[in-house]
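Because only heavy atoms are used, hydrogens play no part in the values below, and waters and symmetry mates are left out as well, while side chains stay in. Ligands are counted one by one from 1 in listed order, and the atoms in each one are counted from 1 as well.
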Amino acid sequence: MHALRWPVVLFDLDGTVLDTVELIRASHEYALREVLGQAPSDAEIMAGIGTPLMEQMEKFSPENAEELFHTYRRWNHANTARLIRRYDGMEELLIELENEGARLGIVTSKMKDAVDLAWDALPSPIVWDVIITTEDTPVHKPHPAPVLKALERLDATPEQAVYIGDSPFDLQSANAAGCAAIGVTWGVFNRETLAAENPLAVVDTPAELLEVLAG
Ligand SMILES: [Mg+2]
């Protein structure tokens with residue numbers, strides 16, 4: 001393989017590195033039914049995925065956000081090991097990037113305990129150089145702060161980095177941070193939604209992603 005186009009490769013976690021899409025959908029459905037007595041459509045549930053959980057709950061119901069948040073997290077944590085999945089080809093991609101000497105990071109809106117739980121269920125095939133969770137910045141995607149925080153920890157510039165994610169919030173965050181943005185279609189959002197954010201590329205498989213990363 002050729003040298004990598006960017007020495008720093010940052011990934012969103014949910015719907016990008018790990019398939020937590022059904023886990024997240026089912027957690028929302030449970031919490032909304034339990035607290036509000038009914039759940040909105042899957043499309044409404046999924047529209048906010050990729051932003052911090054509390055922000056999503058405040059959109060569903062400001063007065064019940066706190067209870068929704070805790071009900072979601074209880075069910076989500078109890079069911080993570082059962083519902084979390086790998087994406088075909090993702091582990092191979094990460095190992096290849098690590099072997100090529102890339103510095104690798106996660107930038108997620110998830111809280112740290114939920115990230116740790118995910119790795120407990122499906123251990124990471126690589127050692128991450130940086131993991132940014134919702135606790136690390138006062139503001140979150142689509143704001144550039146989480147991506148910039150990862151770059152700061154790595155002592156890297158935006159020009160050296162690419163950020164890869166399955167949501168428009170990921171691509172907005174990358175664009176605002178001044179690094180390259182790549183959308184992936186195997187998570188929550190479709191090609192059209194991702195392409196509207198003007199990413200460098202939108203890819204359908206980890207193999208296709210590797211081709212873009214290798215230039
Ligand atoms: Mg995501």
Side-chain angles (χ1 to χ4, degrees), residues 9-29 42-57 59 72-73 76 80 83-91 93-94 104-119 121-122 124 128 130-137 139-147 149-150 161-177 179-197 199-206 208-209 212-213:
V9 184
L10 304 174
F11 290 87
D12 166 55
L13 184 63
D14 293 301
T16 300
V17 172
L18 293 175
D19 184 359
T20 48
V21 176
E22 175 54 19
L23 171 66
I24 290 171
R25 192 205 61 74
S27 302
H28 272 296
E29 188 172 45
D42 282 355
E44 284 171 85
I45 288 176
M46 300 314 271
I49 303 291
T51 60
L53 186 59
M54 189 55 99
E55 289 180 18
Q56 295 179 58
M57 295 322 192
K59 283 196 182 128
Y72 175 106
R73 277 170 48 84
N76 182 278
T80 291
L83 292 176
I84 196 168
R85 299 279 182 272
R86 298 179 199 280
Y87 285 118
D88 283 347
M90 179 50 73
E91 298 212 323
L93 168 71
L94 294 173
L104 299 166
I106 293 284
V107 178
T108 178
S109 300
K110 235 181 170 67
M111 294 172 76
K112 187 177 181 305
D113 61 351
V115 173
D116 291 343
L117 209 59
W119 295 134
L122 291 179
S124 174
W128 295 95
V130 64
I131 297 181
I132 300 297
T133 62
T134 200
E135 292 91 340
D136 288 306
T137 56
V139 288
H140 308 285
K141 296 184 275 186
H143 195 280
V147 171
K149 178 62 78 177
V162 58
Y163 183 46
I164 298 152
D166 72 308
S167 89
F169 315 118
D170 301 325
L171 305 179
Q172 289 161 10
S173 184
N175 284 333
C179 65
I182 299 177
V184 306
T185 59
W186 55 78
V188 173
F189 295 89
N190 64 27
R191 170 172 287 274
E192 195 183 10
T193 304
L194 298 172
E197 302 299 336
L200 183 82
V202 179
V203 297
D204 297 320
T205 64
E208 212 181 300
L209 176 56
V212 177
L213 295 176

Quiz item: Just wondering, is there an N, O or S atom on Asp12 that's nearer than 2.8 Å to the Mg ion (ligand 1)?
Solution: yes

Self-check item: Charged N-O contact under 4.0 Å between Arg25 and Glu29
Solution: yes

Quiz prompt | Identified side chain to side chain contact (heavy atoms under 4.5 Å, CB included) partner of Cys179 from the options Val147, Val162, Leu10 | solution = Val147

Quiz item: Just checking, is any N or O donor in the side chain of Asp170 or Ser167 under 3.5 Å from an acceptor N or O on the other one?
Solution: yes

Quiz item: Thr193 and Asn190: side-chain hydrogen bond (donor to acceptor under 3.5 Å, both in side chains), yes or no, with the steps?
Solution: CA-CA 6 Å; Thr193 304; Asn190 64 27; 2.7 Å; yes

Self-check item: For the Mg ion (ligand 1), the closest N/O/S atom belonging to Asp14
Solution: O

Quiz item: Which atom, counting only N, O or S, brings Asp166 closest to the Mg ion (ligand 1)?
Solution: OD1

